[in-house]
2 protein chains.
Amino acid sequence: MTGFSSMATTSTAEGEAYRFILAGIRTARFKAGERLIPEEIATEIGMSRMPVREAFRRLATEGLVLIRPNRGCVVAGLTVEEIFEVFEMRSVLEGLAVRLAVPRLDSDAFAELDRLLDRMERSGDGGQDWVARHREFHEYICSFANRPKLLRQIASLHVTIEPYLRIWFHHAAKPLTAREEHQAIIDSLRAGDPAAAEALMSEHILTTAPTLTGFALETRGGG
Amino acid sequence: MTGFSSMATTSTAEGEAYRFILAGIRTARFKAGERLIPEEIATEIGMSRMPVREAFRRLATEGLVLIRPNRGCVVAGLTVEEIFEVFEMRSVLEGLAVRLAVPRLDSDAFAELDRLLDRMERSGDGGQDWVARHREFHEYICSFANRPKLLRQIASLHVTIEPYLRIWFHHAAKPLTAREEHQAIIDSLRAGDPAAAEALMSEHILTTAPTLTGFALETRGGG
DNA sequence: ATTTGGATGAGTGTATCCACTTATCCAATG
DNA sequence: CATTGGATAAGTGGATACACTCATCCAAAT
């Protein structure tokens, strides 16, 4: 069963399990508070419990699931306070990333940013992947900071709140101020002042938080 | 071997392995680039290699070790750029923590801070645990921010650079400007201006970075 | 002497097995 | 009828077993 050298699967079963569960959490197939049973997941993706368990550990370290000894693994729901906390952390980390990115942005980058902004806006009308586009937009900017650990941390924080963004976006309307806020960020990047761009990005993220947490409060999204 | 209900050991073997390896990395018993062999560690702390492997996963997620498929687990040495990056991240995250902490600090807290500063200074003369004291000082301040995820992230970053701080402190002299910088931070906290305290802490951490990375460059500490 | 190819052994990844813990449910009891 | 206690099932943590990969080393060939 294990010896198919021709298989082009991912290098390890653990990695496969990790990505599978991660995707499930991000798309809210696995909802906050839901218990993840190793055996079920293992059989679904055709492996034993062990690599799944190891994937759990990775997810737990990233704060995406909670493992209590002898009580299994549950998807980590965030309280309203925790959602806010994640936004605070993103606020300073993405602020830092933007500050570092500013001197490295070239005209190609700005062209791509305009494109991403458009795509985000268009997806908002028809498709439901505004969240993914929005994420792309932020990540593209941050990628210019050229700081791998910083990027990974930002991405990890984003995954954490992505399910809540999706719920929000699904129930409420698309954030109408988003377009202009993001345009303002692009303008600020073009202006080339790192401190100003950092401040603007920080503020942008922080001001998004109350809207989302307020909505989460209404719909009892917290854990 | 497993059924001793009276044993007050840590709840899981994985947790025990994790703490064991973590301590080893922090104290540089396990040095950067060194390969960690599950079987060896497992027998040393009296368990099988599986919980050790799981501990590896956790450490890898935190960036403390590197796991390459079929090539084992090595302690993650940081390049000079990466050390700098970690300081940058600490700079903004601890800045945030301080900003949030300021309104929550009371006179008891300041008394404790004075004590911690003294202890840090005293340990600098005789013992070699200035690094641990320094860490306590920073963590105590940050703890008042009341942000669990933020604290964990800061702690995780600190562990990453702790071995380098130890090498630095061992080879070079104790940072002489440290005392006054930390006193300035305490003063700033007493003044009660969150923004000012944030800026000062940010700057304190950022200015420490070049000293350490410069030293690391000399002694070829990078991986 | 240097290079190459294969044997050998160490180490890794996963599956399976076992002991133990926790949860569930039902019956007996107050 | 509510409560409690125990049987039973479900699930978790850890150990072991096994197949495979990678590194090392030595011998043969150039």
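Proteins get letters first, then strands, A, B, ... in listed order; numbering begins at 1 in each.
Summarising the geometry, the separation between CE on B:Met50 and P on C:dT12 is reported as 15 Å, rounded to the nearest angstrom. D:dG13 atom P lies 14 Å from atom CD of A:Glu39, rounded to whole Å. In this structure, A:Glu34 places its CD atom 13 Å from P of D:dG11, rounding to the nearest Å. Look at CG on A:Leu66: it is 15 Å from C1' on D:dT12, rounded to the nearest Å. The separation between B:Glu54 atom CD and D:dT12 atom C1' is 11 Å, rounded to whole Å. In this structure, CD1 of B:Ile67 is placed 12 Å from C1' of C:dG13, rounded to the nearest angstrom.
Using bins of under 30°, 30° to 60° and over 60° for the plane-to-plane angle, the ring pair B:Tyr140/B:Phe144 lands in the perpendicular bin. Taking the six-membered ring for Trp and thresholds of 30 and 60 degrees, B:His182 and B:Phe137 have ring planes more than 60 degrees apart, a perpendicular arrangement.
If you find the closest nucleotide of DNA chain C to A:Asn70 and to A:Met47, the one lying nearer the 5' end belongs to A:Met47. Remark on DNA chain D: of its neighbouring residues B:Pro69 and A:Arg71, the 5'-side contact belongs to A:Arg71, judged by nearest-heavy-atom nucleotide. Taking the nucleotide of DNA chain C with the nearest heavy atom to each of A:Glu14 and A:Arg49, the more 5' of the two is matched to A:Glu14.
Between B:Arg35 and the phosphate of C:dT12, there is a side-chain N or O to OP1/OP2 separation shorter than 4.0 Å.
Closest to the side chain of A:Ile37, out of C:dG13, D:dG14, D:dG11, is D:dG11. Of the candidate nucleotides D:dT16, D:dT12, D:dG13, D:dT16 has the atom lying nearest to any side-chain atom of B:Ser48.
Side chain B:Arg53 to base D:dG14: no donor-acceptor pair is found below 3.5 Å.
Look at B:Arg133 and B:Asp129 and you find a salt bridge, because one of the NZ, NE, NH1 or NH2 atoms lies within 4.0 Å of a carboxylate O, short of that distance.
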Please tabulate, for the side chains in residues 63-71 of chain A, all donor-acceptor contacts under 3.5 angstrom to protein atoms that are two or more places apart in sequence or on a different chain.
none

